Amino acid sequence: MSVAAAAVAAAEENARHVFDMRAIANRYAALLQLCDPRRPAAESRARTVHAHMITSGFSPKSHILNRLIDIYCKSANVNYAKKLFDEIPHTDVVARTSLIAAYSASRKPKLAREIFDSTPLRFRDTVMYNAMITCYSHNNDGHAAIRLFNSMRAVHLWPDYFTFSSVLAALALIADQEKHCGQLHSSVIKSGANRATSVVNALISVYVKCASSPFVLSSSLLESARKLFDEMSVKDELTWTTIITGYVKNDDLDAAKEIFDGINEKFVVAWNAMISGYVHKGRFQEALELLRKMYLSGIKLDEFTFTNILSACADAGLFHHGKQLHAYIVKTEPTFGGEFSVSVINALITLYWKCGQVDEACKVFEKAEFRDIISWNTVISAYVSRGKINEAKSFFDRMPEKNSLTWTVMISGFAQNGFGEEGLKVFNQMRLNGIEQCDYAFAGAITSCAVLADLKHGTQLHAQLLQLGFDSSLSAGNALITMYARCGDLEAAESLFFTMPFIDSISWNAMIAALGQHGRGAQALSLFKEMLGEQIVPDRVSFLIVLSACAHAGLVEEGRDLFHSMSENFGMTPGEDHYAVLVDLLCRAGKLSEAKSVIDSMPFEPGAPIWEALLAGCRNHRNVDLGVQAAEHLFNLIPQHDGTYILLSNMFSNSGHWDEAAKVRKLMRERGVKKEPACSWIEVENKVHVFLVDDTIHPEMVAIYSYLKELGQRMRKLGYVPDTRYVLHDMESEQKEYALSTHSEKLAVVYGLLKLPPGATIRVYKNLRICGDCHNAFKFMSMAENRVIIVRDVKRFHHFRNGECSCGNYW
DNA sequence: CTAGGGTTAG
């Protein structure tokens with residue numbers, strides 16, 4: 001026999017073997033198919049087949065094992081199924097789903113969730129989600145079920161009938177309704193028999209709830225509800241309200257109004273539902289109109305009416321209307337101030353807060369006879385949002401009982417106002433008090449780390465977050481992007497952004513801002529374009545971020561185009577902040593006259609930020625005439641603002657106008673303006689440290705940022721005012737140049753860093769002997785040449801008196 | 001069936 005023939009024979013034998021094995025596998029699979037888990041003895045039959053496989057030396061492929069897992073699960077033999085599951089490398093989605101269902105049945109939602117989480121996103125399907133949602137519903141965790149249900153949209157999974165019924169069961173848990181409204185749904189649909197008003201009401205409510213889910217784009221569910229509604233002979237109050245809110249939730253206010261108008265004897269709840277619809281959709285004027293009609297028709301306004309309208313006034317800034325209503329309530333409601341009206345009190349607090357009257361809001365709180373936890377939280381939020389962090393903290397401390405929301409507000413309040421250490425302290429206290437830490441609380445703590453540029457702590461929090469299973473949290477993820485970026489780890493920020501399972505427009509904004517702050521203007525711009533390609537609608541902040549990225553990177557053309565496309569292509573009117581960035585962008589590029597003509601052509605009166613940008617530009621590019629104009633406007637707008645004096649005096653000295661500079665300084669002394677410019681030196685331990693740098697996060701600066709925190713603490717110990725003017729010293733080499741490309745406001749304010757024009761470099765000098773004023777002049781002259789100087793180890797400046805320095809001034 | 005408090009981006 002030739003070699004070739006032998007080879008052919010071997011191949012045939014092999015093929016036959018493969019074929020045999022396949023045949024055997026098929027027979028096993030068929031046998032297992034016969035074990036119907038719904039029938040008795042399915043498990044023992046499956047076990048027999050399984051044992052046969054083992055003794056005959058057949059090693060089953062995944063699909064057979066998966067089938068076995070399925071059978072064991074459905075026979076309530078979870079542990080055995082889990083053992084198999086752990087042994088085989090490829091479990092399919094069916095087996096996994098069975099396992100989830102089995103754990104659900106044995107009341108182990110945590111284990112079920114483990115299986116769910118271990119399944120890669122792309123393998124999860126609707127059935128698996130259904131199993132997990134059902135698991136939560138069965139185990140009385142309605143909120144988790146609904147959370148999971150809501151997350152389906154982000155992975156583009158379409159809910160089916162089972163999803164709806166399980167989530168309805170969950171809804172029932174939360175709203176404390178009939179427990180089995182899901183089953184009610186199906187049974188009524190199938191039988192079509194029961195026509196009692198209450199049953200049909202429930203069914204309509206089921207339809208409306210499903211129709212309001214974010215997935216359902218077709219109006220057929222709502223139409224079904226409407227059909228049922230139209231066919232009903234006896235309608236009660238519930239029927240009317242359900243269908244009205246159904247239309248409201250589906251953004252069809254006109255249809256809702258039509259139904260509402262059809263009610264002969266309108267009752268309070270219907271009025272309230274309609275008004276609330278208008279309020280929620282931002283149609284405040286119509287809400288007020290309806291209130292007027294309600295009042296005129298003699299219906300008694302109740303608690304819900306008041307809170308609805310007050311919230312409309314708060315959101316629309318209709319302070320006058322709100323205040324009127326307040327007076328009306330006090331006058332006409334004898335029960336006002338009683339326990340039942342806590343919600344009205346809370347709405348009033350919100351009204352005064354949102355209309356900028358925080359003290360008035362506080363008065364309402366203090367005067368109120370009854371308060372609940374929401375009242376406290378609202379007052380704290382009010383103070384936090386107005387930067388009155390001390391007041392917020394004292395309320396926080398006074399609170400008799402706090403919930404997780406209270407803690408979260410306080411943590412992020414500290415973080416937002418730049419008090420990172422305090423934010424972390426509260427976060428730790430929250431943990432010590434055993435309060436469950438939600439991802440919002442983590443977001444606040446992470447922002448605190450961003451403020452402190454504490455990469456180490458931030459990374460730790462990230463790890464804890466993953467441990468707790470918050471890996472898909474949007475708020476925490478977005479905070480992490482910013483934290484990593486601000487700590488200089490742009491790569492970490494990027495990889496997080498690209499691996500987050502769900503992202504929203506804030507994630508995009510955060511990432512674009514991160515690139516901008518790192519001087520990567522072009523990348524920021526292209527990411528912005530990518531965002532548009534993903535059909536994400538940019539908001540006002542997006543434009544602010546991307547414009548400022550352009551300003552930092554000197555992308556004048558691009559910035560200008562963006563600014564114009566904002567109104568032309570996106571239908572947004574640029575606000576004062578956008579104009580300020582545009583002016584800033586032009587000023588940095590030295591296009592001062594163009595900046596001025598932008599200001600002149602603005603559709604509204606330019607405010608302080610705009611003139612300040614222009615003045616800063618004039619300082620950097622030595623345009624005294626224009627700078628003086630800008631300063632005049634600033635003095636008119638904000639006479640008490642120290643920054644104007646400082647900018648002005650720096651502009652004069654920068655351009656060699658020494659007399660004028662001296663005059664401004666004299667004025668400053670008279671007015672008690674603090675001499676320290678934002679970029680001054682600070683004395684620590686007998687050394688003078690001057691740190692001048694823009695806020696670009698340069699890799700070499702990362703060490704500096706974490707050092708700032710330590711230095712700040714040391715300053716406190718030494719009795720220095722721990723304001724924002726942190727400093728740097730200890731640069732390694734004596735003379736070093738850092739290429740810096742960008743510049744922006746926020747970190748400069750936080751850290752007391754200085755603004756620089758694009759492409760600036762830093763130079764470090766040692767033992768430079770000049771007086772303070774000359775130092776400033778020197779500094780700003782250098783800035784004009786794109787140079788910044790770091791001076792260190794300078795002996796006390798006031799040792800240099802008249803005559804010692806070439807300028808003849810003394811400090 | 002209707003109302004009041006939170007997070008993340010600049």
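Note on naming: letters A, B, ... go to the chains in the order of the sequence lines (proteins, then strands), and numbering restarts at 1 for each one. None of the values given here were measured: they were computed from a predicted structure.
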Assign A:Trp353 to base, sugar-phosphate, or nothing according to its heavy-atom contacts below 4.0 angstrom with the strands shown. sugar-phosphate

Any A:Ser412 side-chain N or O less than 4.0 Å from OP1/OP2 of B:dT7: yes

Mind checking A:Thr378 for me? I need base, sugar-phosphate or nothing, with any heavy atom below 4.0 Å counting as a touch. sugar-phosphate

Winner on side-chain proximity to A:Leu405, out of B:dA9, B:dA3, B:dG6, is B:dG6

Do A:Asn272 and A:Asn308 have side-chain atoms, one donor and one acceptor, less than 3.5 Å apart? no

Considering only side-chain heavy atoms of A:Thr245, which listed nucleotide, B:dA3, B:dT2, B:dA9, is closest? B:dT2

Between A:Lys363 and A:Glu360, does any side-chain N to carboxylate O distance fall below 4.0 Å? yes

Where the side chain of A:Val541 is defined as all heavy atoms beyond and including C-beta, which of B:dG4, B:dA9, B:dT7 is the nearest nucleotide? B:dA9

Which whole-number value in Å describes the distance from A:Arg371 CZ to B:dG4 P? 21 Å

B:dG6, B:dT8, B:dG4: which one has an atom nearest the side-chain heavy atoms of A:Val409? B:dG6

Do the charged groups of A:Lys281 and A:Glu286 touch, with an N to O distance under 4.0 Å? no

If you check the A:Tyr440 side chain, which of B:dG6, B:dT8, B:dC1 turns out closest? B:dG6

Think A:Thr350 has a side-chain N or O under 4.0 angstrom from the OP1 or OP2 of B:dG4? no

Does the ring center of A:Phe442 lie less than 6.0 Å from the ring center of A:His462? no

Interatomic distance where CD belongs to A:Glu436 and P belongs to B:dG6 [whole Å]: 20 Å

Euclidean distance, atom CD1 of residue A:Ile411 to atom P of B:dT8 [Å, nearest integer]: 11 Å

Side-chain donor or acceptor of A:Ser473 paired with backbone N/O of A:Ala476 under 3.5 Å: yes

Provide, to the nearest angstrom, the distance between the CG atom belonging to A:Asp315 and the C1' atom belonging to B:dA3. 12 Å

A:Thr408 side chain: which of B:dA3, B:dT7, B:dG10 is closest? B:dT7

Decide yes or no, distance alone: a donor-acceptor N/O pair under 3.5 angstrom between the base of B:dG4 and the side-chain of A:Asp372. yes

To the side chain of A:Thr447, which of B:dG5, B:dA9, B:dG10 is closest? B:dA9

Taking CZ from A:Arg486 and P from B:dT8, how many angstroms apart are they, rounded to a whole number? 11 Å

A:His326 and A:Tyr352: aromatic ring centres closer than 6.0 Å? yes

Consider the side chain of A:Asn308, meaning its heavy atoms from C-beta on, and name the nucleotide among B:dA3, B:dA9, B:dT7 that approaches it most closely. B:dA3

Go through B:dA3, B:dT8, B:dG10 for me and flag the one nearest to the A:Ala513 side chain. B:dG10

Counting heavy atoms from C-beta on, name the nucleotide in B:dG5, B:dA3, B:dT8 closest to the side chain of A:Thr307. B:dA3

Does A:Asp539 reach a base, just sugar-phosphate, or nothing at all? Heavy atoms under 4.0 Å. base

Quick one: is B:dC1 close enough that its OP1 or OP2 comes under 4.0 Å of any side-chain N or O from A:Lys235? no

Without decimals, in angstroms, what is the distance between A:Asp302 CG and B:dC1 C1'? 13 Å

Ignoring hydrogens and angles, answer whether the base of B:dA9 and the side-chain atoms of A:Asn509 contain a donor-acceptor pair closer than 3.5 Å. yes

Does a side-chain N or O of A:His578 approach OP1 or OP2 of B:dG10 to a distance below 4.0 Å, or not? no

